[in-house]
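Heads up: numbering here begins at 1 and tracks the sequence. Remember, it's a predicted structure, so these values are computed and weren't measured experimentally.
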Amino acid sequence: MTLGVDSRRRVFAAMAVFAGVELLVALINLTPLIDRYAVGRVLDMNGEANAVVWLSSTLLLGIGFLAGLAAHLDRGADRVRWAIIACFFALLSLDETASLHELAGELASRVAEVEWLPSLYLWVIVVAPFAAVFAVWMIRWIWGELGPGSTEARMAFVAVALWLAVPLLEAVDPSLGGPRALVVVEESLEITGEILMLGALSLHLIARGLSIEATTRR
């Protein structure tokens with residue numbers, strides 16, 4: 001049991017480190033420091049192919065890896081569900097670096113135009129509904145799988161809620177002129193959700209490991 005408690009503490013410690021890094025980057029983005037070329041090139045939360053994108057992509061890939069590990073431990077329908085979630089987050093990791101959702105929006109703009117939404121943001125209409133349906137399915141199942149009311153289930157629920165808020169903010173972003181503060185909020189919500197989901201799956205796997213260990217001892 002001590003091993004399990006220590007492992008959970010390490011998970012929360014790692015989450016705190018990630019959250020600290022995220023907070024520091026967010027604060028830098030709200031100061032004149034971000035206008036310096038080197039700082040902006042590496043830490044601009046509205047940029048592409050930089051350290052912020054790398055962090056988010058890594059967290060998403062980590063979630064996919066843990067979901068894949070959960071699929072390996074489970075059997076039957078649960079294994080399939082975890083495998084689907086693993087593939088989904090691996091795809092999100094790829095999207096984070098390759099901006100596939102923005103590409104989908106640009107392609108859709110060639111078919112239909114939305115006056116109040118630039119082509120760069122059209123993905124909100126094209127991709128977000130499918131992602132929302134998947135998110136609802138995922139959280140309903142994960143809520144039961146991680147244990148209704150458990151710490152990890154609540155973390156997963158908050159993570160999905162934060163992610164669902166991002167497209168809504170993206171939709172109003174153009175009408176407000178794309179203020180930096182709003183961009184920082186959007187990216188912070190996204191990364192915070194990733195940290196919470198990574199922590200939730202880590203705690204779930206630790207619990208599974210303790211259960212297997214206890215069964216073996218008996």
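The shortest distance between side-chain heavy atoms of M15 and F12 falls below 4.5 Å. In this structure, F18 and L59 have side chains that are in contact, with non-hydrogen atoms separated by less than 4.5 Å. The shortest distance between side-chain heavy atoms of E96 and T58 does not fall below 4.5 Å. At least one side-chain heavy atom of L66 sits less than 4.5 Å from a side-chain heavy atom of L205.
A pairwise comparison of heavy atoms in L60 and L92 identifies CD1-O, 3.6 Å as the closest pair. Residues A19 and I195 approach most closely at N-CD1, 3.7 Å, considering heavy atoms. For the residue pair G62 and L198, the shortest heavy atom distance occurs at C-CD1, 3.5 Å. Considering every non-hydrogen atom in both L30 and A181, the closest pair reads CD2-CA, 4.0 Å. Contact between A86 and G68 at its shortest, heavy atoms only, is CB-N, 3.5 Å. Of all non-hydrogen atoms in E48 and R41, the two that sit nearest each other are O-NH1, 3.9 Å.
Considering CD of E190 and OG1 of T192, their distance stands at 10.0 Å, rounded to 0.5 Å.
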Step-by-step side-chain hydrogen bond (donor to acceptor under 3.5 Å, both in side chains) determination, T97 to S57: CA-CA 7 Å; T97 55; S57 180; 4.7 Å; no

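Using a 4.0 Å cut-off between charged nitrogen and carboxylate oxygen, D44 and R180 count as a salt-bridge pair. By the 4.0 Å N-to-carboxylate-O rule, R81 lies too far from D74 to be salt-bridged with it.
Taking the six-membered ring where tryptophan is involved, the planes of W141 and W82 are perpendicular, since the angle between them exceeds 60° and thus also 30°.
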